[in-house]
Amino acid sequence: MNQLVRVQCFTVSADGYGSGLGQSLERPFGHADPGVMMSWAGATASWVNRTDPGGTRGLDDYLTRDMTRNIGAEIMGRNKFGPQRGPWENYDWQGWWGDEPPFHTPVFVLTHHPRPSFTLADTTFHFRDATCEEVLKEALAAADGRDVRIGGGVATVREFLAADLIDTLHIAVAPNELGDGERLWERPEELTDRFHLEQIPSPSGVVHHFFWRR
C-alpha cells in the first residue's frame, strides 16, 4: 500500500483563514478564538485532550479519530511549533504541547534556523532548513510505511500544495469569520483543478471538505 501525504482535521474559518493576526505565546491562533475554531473537534469523545468521560459521536468524532490513523510522521511549520521568529534565543522552550505532545511520531519542523533535535515522551522533534521535497523524503522514511501528515500552519499547507506533494486533504470549515490572518483559500473550489471535492455538513455547524487527487 502506498504511503499518503495527508492534511487531516485542519480547520479554517468561513472566509478561509486558518489563524488570525498577532500570534503570541498566550495567543497561539492570534486574534482567532481556538475554542470557536476547534469546538467541533473538542466536543468529540475522541478529542486527544479530553480528560472527562462523554463527548459527541458521529461524523465529527470519526474524523477526529482519523487524525492519527496510520500516521507515521508529521511535518509542520515554525509558526505551529511556537511564536518566536528568527534565531532561537534559547533551547529551553520546547513547543506548545507540554511534556507529552499529542503527535507520538517523529515531527519535522520547517525553519530557516535549525536547532538540535529533542524528544518529549514518544515524540521527537527535528528542525530542518530544507525544501519541501527534501523534508518529505526524510519524513516518509521515518514514517516506516505509514502516512505523513502535513500539520500546518497555513503557510506550510500552501507550500506543499504549491509543490504538488499532497495526496488528500480534510479541511473543516467553521461557521465563524476572521476577516484577516493567514488564509488558505478564498474559495475551496480553487483546488478542484487537481482534486475532487466533496462537502459534508455536520450538525456541529462545520462543513467538512474532502479532497482527493483526480
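- Taking His31 as the reference, nothing meets the ring-ring contact (aromatic ring centres under 6.0 Å, His included) condition, with sequence neighbours excluded.
- Hydrophobic clustering (ILVMFWY, side-chain heavy atoms < 4.5 Å, transitive): Ile75 and Ile71 are in distinct clusters.
- Val207 pairs by the side-chain contact (heavy atoms from CB on, under 4.5 Å) definition with Gln199, Pro201, His209, not counting sequence neighbours.
- Within the structure, the salt bridge (Lys or Arg N to Asp or Glu O under 4.0 Å) test picks out the following pairs touching residues 76-102 (sequence neighbours left out): Glu74-Lys80.
- For Trp185 and Phe195, the gap between ring centers reaches or exceeds 6.0 Å.
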- Message: As a quick check of understanding, evaluate side-chain contact (heavy atoms from CB on, under 4.5 Å) for Val7 and Phe160, giving each step before the final call.
- Response: CA-CA 10 Å; Val7 175; Phe160 275 81; over 6 Å; no
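- Sorted pairs that involve residues 30-44 and meet salt bridge (Lys or Arg N to Asp or Glu O under 4.0 Å), not counting sequence neighbours, are lacking altogether.
- Two different hydrophobic clusters hold Phe10 and Val109 under the rule that ILVMFWY side chains link at heavy-atom gaps under 4.5 Å.
- In terms of heavy-atom proximity, Ser24 sits nearest to Pro83 at C-CB, 3.7 Å.
- Minimum heavy-atom separation, Pro102 to Val48: CB-CG2, 3.9 Å.
- Counting only residues at least two apart or on different chains, the ring pair (Phe, Tyr, Trp, His ring centres under 6.0 Å) pairs with a member in residues 117-145 are Phe81-Phe125, Phe81-Phe127, Trp88-Phe127, Trp97-Phe125, Phe108-His126, Phe118-Phe125, Phe118-Phe127.
- Both Leu165 and Val157 belong to a single network of hydrophobic side chains, linked directly or stepwise wherever heavy atoms of I, L, V, M, F, W or Y lie under 4.5 Å apart.
- In this structure, CD1 on Ile166 lies 9.0 Å from CG on Leu191, to the nearest 0.5 angstrom.
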- Task: Given side-chain contact (heavy atoms from CB on, under 4.5 Å), test Arg183 with Val154 step by step and report yes or no.
- Result: CA-CA 7 Å; Arg183 197 171 206 172; Val154 169; 5.7 Å; no
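- Ring-plane geometry between Trp40 and His170 is classed as perpendicular, the angle between the planes exceeding 60 degrees on a 0 to 90 degree scale with a lower cut at 30.
- Put simply, the side chain of Gln23 gets close to the backbone of Asn79: a donor and an acceptor are under 3.5 Å apart.
- Proximity of Ile171 to Phe211: side-chain heavy atoms (C-beta onward) are separated by under 4.5 Å at one or more points.
- Residues forming a side-chain hydrogen bond (donor to acceptor under 3.5 Å, both in side chains) with Thr119 (at least two apart in sequence, or on another chain): Thr124.
- With contacts defined as side-chain heavy-atom distances shorter than 4.5 Å, the pair Thr168/Asp147 does not qualify.
- Smallest separation of non-hydrogen atoms from Ala174 and Met37: CB-O, 4.2 Å.
- At least one donor-acceptor pair under 3.5 Å links the side chain of Asp15 to the backbone N or O of Leu178.
- Residues passing the side-chain contact (heavy atoms from CB on, under 4.5 Å) test with Met67, sequence neighbours excluded: Gln8, Cys9, Arg149.
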- So His208 and Asp60, side-chain contact (heavy atoms from CB on, under 4.5 Å) or not? Walk me through it. CA-CA 9 Å; His208 296 289; Asp60 290 349; 2.7 Å; yes
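- Residues Met76 and Thr156 fail the side-chain proximity criterion, which asks for heavy atoms closer than 4.5 Å.
- Open room surrounds NE2 on His112; 12 or fewer heavy atoms of other groups in view lie less than 6.0 Å from it.
- Considering every non-hydrogen atom in both Pro114 and Asp129, the closest pair reads CG-CB, 3.7 Å.
- Across all their heavy atoms, Pro106 and Gly72 have their closest contact at CD-O, 3.3 Å.
- In this structure, Arg158 and Leu184 have side chains that are in contact, with non-hydrogen atoms separated by less than 4.5 Å.
- When each of Val148, Asp167, Asn70 is paired with Arg6, the side-chain contact (heavy atoms from CB on, under 4.5 Å) condition holds for Asn70 and for no other.
- Counting only residues at least two apart or in different chains, side-chain hydrogen bond (donor to acceptor under 3.5 Å, both in side chains) contacts with residues 50-59 comprise Arg50-Asp52, Arg57-Asp61.
- In this view, Glu159 satisfies the side-chain hydrogen bond (donor to acceptor under 3.5 Å, both in side chains) rule with no residue, not counting sequence neighbours.
- Note that CG of Leu161 and CD1 of Ile150 are 9.5 Å apart. Values are rounded to the nearest 0.5 Å.
- The side-chain heavy atoms of Gln94 and Leu120, taken from C-beta on, include a pair separated by under 4.5 Å.
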Name every donor-acceptor pair, under 3.5 Å, that has one atom in a side chain of residues 137-144 and the other anywhere in the protein, sequence neighbours excluded.
unit_1	atom_1	unit_2	atom_2	d
Glu138	OE1	Arg128	NE	2.9
Glu138	OE2	Arg128	NE	3.3
Glu138	OE2	Arg128	NH2	2.8

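- Across all their heavy atoms, Trp47 and Ala41 have their closest contact at CB-O, 3.4 Å.
- Put simply, the side chain of Phe210 reaches to within 4.5 Å of the side chain of Leu63, judged on heavy atoms.
- Applying the salt bridge (Lys or Arg N to Asp or Glu O under 4.0 Å) test to residues at least two apart or on different chains, the pairs with a partner in residues 186-196 are Asp164-Arg194, Arg187-Glu189.
- Looking at Ser202, its side chain never comes within 3.5 Å of a backbone N or O of Val206 through a donor-acceptor pair.
- Here Ala14 pairs with Glu177 under the side-chain contact (heavy atoms from CB on, under 4.5 Å) rule; sequence neighbours left out.
- Cluster membership for Trp96 and Val107, using ILVMFWY side-chain heavy atoms within less than 4.5 angstrom, is shared.
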- Let me see the working for Ser46 and Thr44 under side chain to side chain donor-acceptor pair (under 3.5 Å), right down to the final yes or no. CA-CA 5 Å; Ser46 301; Thr44 64; 5.5 Å; no
